[in-house]
Every structure is written in C-alpha cells, then in structure tokens.
Amino acid sequence: MEEIRMIEEIGKMKKEKDAVIIAHNYMIPQVQDLADFTGDSLELSRKAAAAKEKIILFCGVLFMAETAKILSPTKKVLIPRKDAGCPLADCISVKQVEEYRKKYPDALIIGYVNTNADVKSMLDICVTSANAVDIVKKAPGNRIVFLPDANLGAWVKKHVPEKEIIIHKGGCNVHQRFTKKDVLDARQAHPDAKILAHPEASMEVLELADFVASTSAMIKYVKESRDKKFVIGTEEGHIHRLKKERPDAEFFSLGSAKICPNMKKTRVKDVYEALLHEQYEVKLSDEVMKKALVPIEKMISM
Ligand code: 13P
Ligand code: SF4
C-alpha cells in the first residue's frame, strides 16, 4: 500500500479504535507529522496519562512507552517497533543498582528517565534532562548516585558542587559523538547563530554552547528568541520540529548530522501495522508499575 493511503487508513483506524498517536521529537518527519502530539519523553508521558482514548500508540523508544504505561496503567500502550530500544537505558541493570545501594546505603539514587522500567522501579527519584539540576539541588541529603548518563551527571555536578555525586559511567552513543571541533567549526561557519546542545553531550561541548537544554527547553528557547540562526546539538530529527516552530529561522546541525538508529526504526508502515494489529503491547508486571510510579511521581511533585 502507498504511504499516502496508509496515512488515510491510520486516520480512520484512530477513530474506530479510539486511539491517540504520540511521537517523540526525534522521529522521522513523516511520523511526527501524522502524530496527534509530538514532544520530549516527559511531555509525551504526561499527554499519555491525560489522554481519554483507550489506546496510546507511542512512537519512540521502549523506555518512553514504558513510562507512558506506568503513568496510565489501565490504557493499552502500543509501540510500533518492539526492537526500538535505547542503548543508554540499557547500560544500567537492576544488579548494578543493587550494588550501588549496598556500596552507598546513605545515598539517594537518582535516575534519568532514560532507564528501563525494572531499573526505574528501584530509583528514589526520576529526572529528565530538563529538570535534573533542579531536582538534585532540591533532593534531601548530600550524597547522590546519579545514573545512567555520565555527561548529564557531570553537568549536574558542575551546577550542584555542594553535593557529593557518584556518577554511573553510561552514555548515549549519539550525543557522545559531538566534539569540541564541531562547536568551533560552527562558530566560524555561522558566527551570528546560537549554538544549542543537549546535556548528553560531553562537557567540552556543553561549556562552549550558548544554551544547554533538553529537547523541550530548546523548543521554548527557539520560540522565544529573536535570533534567526540556530546550530542544533542533538539528534537530527529535532530540527524538523524546530523548523515547524520557527519557519522564519535557519537551522544547522552541529557538525555532521547525528542520527539515533533506534529512533529512526519507526516508519509509517510500522504505525499502520501497529494500529491494525494492535501491536506491540507494552506489558509490565503490576509490581514493577507500582514501584516505578513512585520516583516518577516524586519528580512531578518536586
Ligand atoms: P528528551 O528527554 O529531551 O525527550 O530526550 C530523550 C532522549 O532520548 C535524549 O537523547
Ligand atoms: Fe537513547 Fe541516545 Fe537514542 Fe536518546 S538519542 S534514545 S538517549 S540512544
């Protein structure tokens, strides 16, 4: 079937089956464009929690769809590609969290939303890149284990020097590829542009950027800015979303385009098949859902 027909069918099935489609800012443009909402991982989970529809079709990676399920346990949450994982989330295991608990019994364990549900169920507080600095500052106690992203952890540590922060050595192999040279070259090529970088990039990149932010904070910054040129240091798909927000502005990649292969797995055909066959349903045990909700709710309340 041609893509245009599939998009029509998706629209019909959405109504018949009472479904809502939400897509992360890194999805391919065709998937972003057919979604009812696009956003960052937390915004989408909140949309999912507030949705009235019976089915939530989550176009993103697995930990995001799991977070949506944890926040809306009575809904049917579908992910079109069950092989769309996040290598960053996969670099911390339940066993490693248990080891941190044993080694640092007096520390709070604070984890990035990019964690799988079983790990999330063991955290004290969950954070996103948008609120990590704030939450670590406000968290009780002076000793924190931060996981799994070492770059985000280092960024937090720089902004909360008064606390001891033990950082897990994980990383996102997409954002780790931005280099200091990418920033220096971008400054030369576009001297009148603002350079925005995601905190999963390395400190030498972040220290040279004009603004360090999550994908949602980048959108806000670009919408409110009077500048006309922006260099974007995050996954390439985000530029599509930013262009929609500021059609009058020019956007450039920071160095070569950095692509997250897992975010690019979901095609229109996968969305069509996911709705048609109601696949692949995110299933989590009641115990994991109940426990994983605690650190997420703590984050929301803070
Ligand atoms: P956001 O939290 O900004 O949605 O980013 C998620 C992510 O996977 C970053 O690489
Ligand atoms: Fe995970 Fe990095 Fe891809 Fe985000 S960009 S989903 S952190 S691998």
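Remember, it's 1-based here, ligands and their atoms both numbered in the order they're listed.
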Closer than 2.8 Å to atom 3 (Fe) of ligand 2, do we get an N, O or S atom from Cys260, backbone or side chain? yes
Proximal atoms of ligand 1 relative to [X] (non-hydrogen, under 4.0 Å):
{"X": "Asp40", "value": "1 (P), 3 (O), 4 (O)"}
{"X": "His24", "value": "1 (P), 4 (O), 5 (O), 6 (C)"}
{"X": "His198", "value": "3 (O), 5 (O), 9 (C)"}
{"X": "His175", "value": "10 (O)"}

[X] with [Y]: basic N within carboxylate O range, under 4.0 Å:
{"X": "Lys264", "Y": "Glu235", "value": "yes"}
{"X": "Lys194", "Y": "Asp210", "value": "no"}
{"X": "Asp40", "Y": "Arg46", "value": "no"}
{"X": "Lys228", "Y": "Asp192", "value": "no"}
{"X": "Glu66", "Y": "Lys120", "value": "no"}
{"X": "Lys12", "Y": "Glu9", "value": "yes"}

Donor-acceptor side-chain pairing of [X] and [Y] below 3.5 angstrom:
{"X": "Glu200", "Y": "Ser129", "result": "no"}
{"X": "Asp90", "Y": "Asn116", "result": "yes"}
{"X": "Tyr26", "Y": "Thr234", "result": "yes"}

Atoms in ligand 2 flagged as close to Pro87, the criterion being non-hydrogen separation under 4.0 Å: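 Numbered from 1, ligand 2 contributes 8 (S).
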Quick one: does Glu43 get within less than 4.0 Å of ligand 1, heavy atoms only?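 No.
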Give a yes/no on ligand 1: does Glu200 have at least one heavy atom closer than 4.0 angstrom to it?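 Per 4.0 Å heavy-atom rule, Glu200 contacts ligand 1.
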How far is [atom] from its nearest protein heavy atom, and which residue and atom name does that atom have?
{"atom": "atom 1 (Fe) of ligand 2", "answer": "Cys86 SG, 2.4 Å"}
{"atom": "atom 2 (O) of ligand 1", "answer": "Ser41 OG, 3.0 Å"}
{"atom": "atom 2 (Fe) of ligand 2", "answer": "Cys172 SG, 2.4 Å"}
{"atom": "atom 3 (O) of ligand 1", "answer": "Thr215 OG1, 2.8 Å"}
{"atom": "atom 4 (Fe) of ligand 2", "answer": "Tyr26 CE1, 4.0 Å"}

Any heavy atom of His24 closer to ligand 2 than 4.0 angstrom?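 Checking ligand 2 against His24, which is what was asked, there is no heavy-atom contact under 4.0 Å.
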Counting only heavy atoms, which portion of Asn114 has something under 4.0 Å from ligand 2: side chain, backbone, both, or neither?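 Looking at Asn114 and ligand 2, just side chain atoms fall under 4.0 Å.
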Could you check Gln32, Arg241, Lys47, His24 and say which one makes a side-chain hydrogen bond (donor to acceptor under 3.5 Å, both in side chains) with Thr38?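 The residue from Gln32, Arg241, Lys47, His24 that satisfies side-chain hydrogen bond (donor to acceptor under 3.5 Å, both in side chains) with Thr38 turns out to be Arg241.
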Could you tell me whether Asn114 approaches ligand 1 through its side chain, its backbone, both or neither, with non-hydrogen atoms closer than 4.0 Å? side chain
